[in-house]
Structures are given as structure tokens and as C-alpha cells.
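For reference, the structure discussed in these notes is given below.
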Amino acid sequence: MERSYPFPARHRADHPAGHPRGLDDDAPTLRLQFHWPVHFYAIRGPFGFSLALESPAIYWGRGGRCFAFLHDLTPEALDRVMELCADATDARRRPWGR
């Protein structure tokens, strides 16, 4: 385990934010909501999905701080997000290529 602190730090490379939250779970914090229209360029870096709220949401940023409900994404942003999800699924199903 690689450490940059004198004490054990929780850090998972596959967490959407890539940074520890200092809590015992990996749940996003969902603190800063973006409202309609949310363009794809507003989503910075890796993102994930949450069903913790009343409607499906996408989250990104350090600790999953920023979020927007899927219905608040512009049609172009939603198409791009779904395209990236399809590409990720396809990459897991066929890691050797098409």
C-alpha cells in the first residue's frame, strides 16, 4: 500500500473522485446541486450515479460533491453520458476489442 501520510489513509483509485472523504463509506457527499440546463462540460472529471435521492442523479468532483439529476442534463449531455456508459460496458464485455 502506498502511503503519503504517516498514518494509513483510505484511498481507492477506482472511486469517482479519487480522494478519500475521511468517512467509513464511499458514498458521495452530494452537496452542490446543478440545475437545468446542465451541459456536459459542467461535469468535471470522472463521474458516477446515485439513487440516494428521489430521482437518479449523476455526481462528480472531489468526494462526489457536485451532482445533477439526470432530468436536468441537456439532451446532448445525457446522450454523451449514456454513450460513455455504453462504451464502459462494452469495454468490460469485450476487453480485447470489437
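The structure presented is a predicted model; accordingly, all values stated were derived computationally and were not measured. These values consider heavy atoms only, across backbone and side chains, with no hydrogens, waters or symmetry-generated copies.
Between the CG atom in Leu70 and the CG atom in Leu78 there is a gap of 6.5 Å [rounded to 0.5 Å]. In this structure, Ile58 CD1 and Cys85 SG are separated by 7.0 Å, a value rounded to the nearest 0.5 Å.
Between Trp60 and Arg44, the shortest heavy-atom contact is CD1-N, 3.4 Å.
When the side-chain contact (heavy atoms from CB on, under 4.5 Å) test is applied to Glu54, the partners found at least two apart in sequence or on another chain are Phe69. Not counting sequence neighbours, the partners of Arg92 by the side-chain contact (heavy atoms from CB on, under 4.5 Å) test are Ala88, Thr89. For the side-chain contact (heavy atoms from CB on, under 4.5 Å) test, residues two or more places apart in sequence or in another chain that qualify with Ala77 are Phe40, Leu73, Thr74.
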Distance-only donor-acceptor pairs under 3.5 Å for side chains of residues 30-38, two or more places apart:
none

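Taking 4.5 Å as the limit, every side-chain heavy atom of Thr29 sits out of range of all side-chain heavy atoms of Tyr59. When side chains are defined from C-beta on, Val81 counts as touching Phe49, because their heavy atoms get closer than 4.5 Å.
Sorted by first and then second residue, the salt bridge (Lys or Arg N to Asp or Glu O under 4.0 Å) pairs with a member in residues 65-82 read Arg80-Glu83; sequence neighbours excluded.
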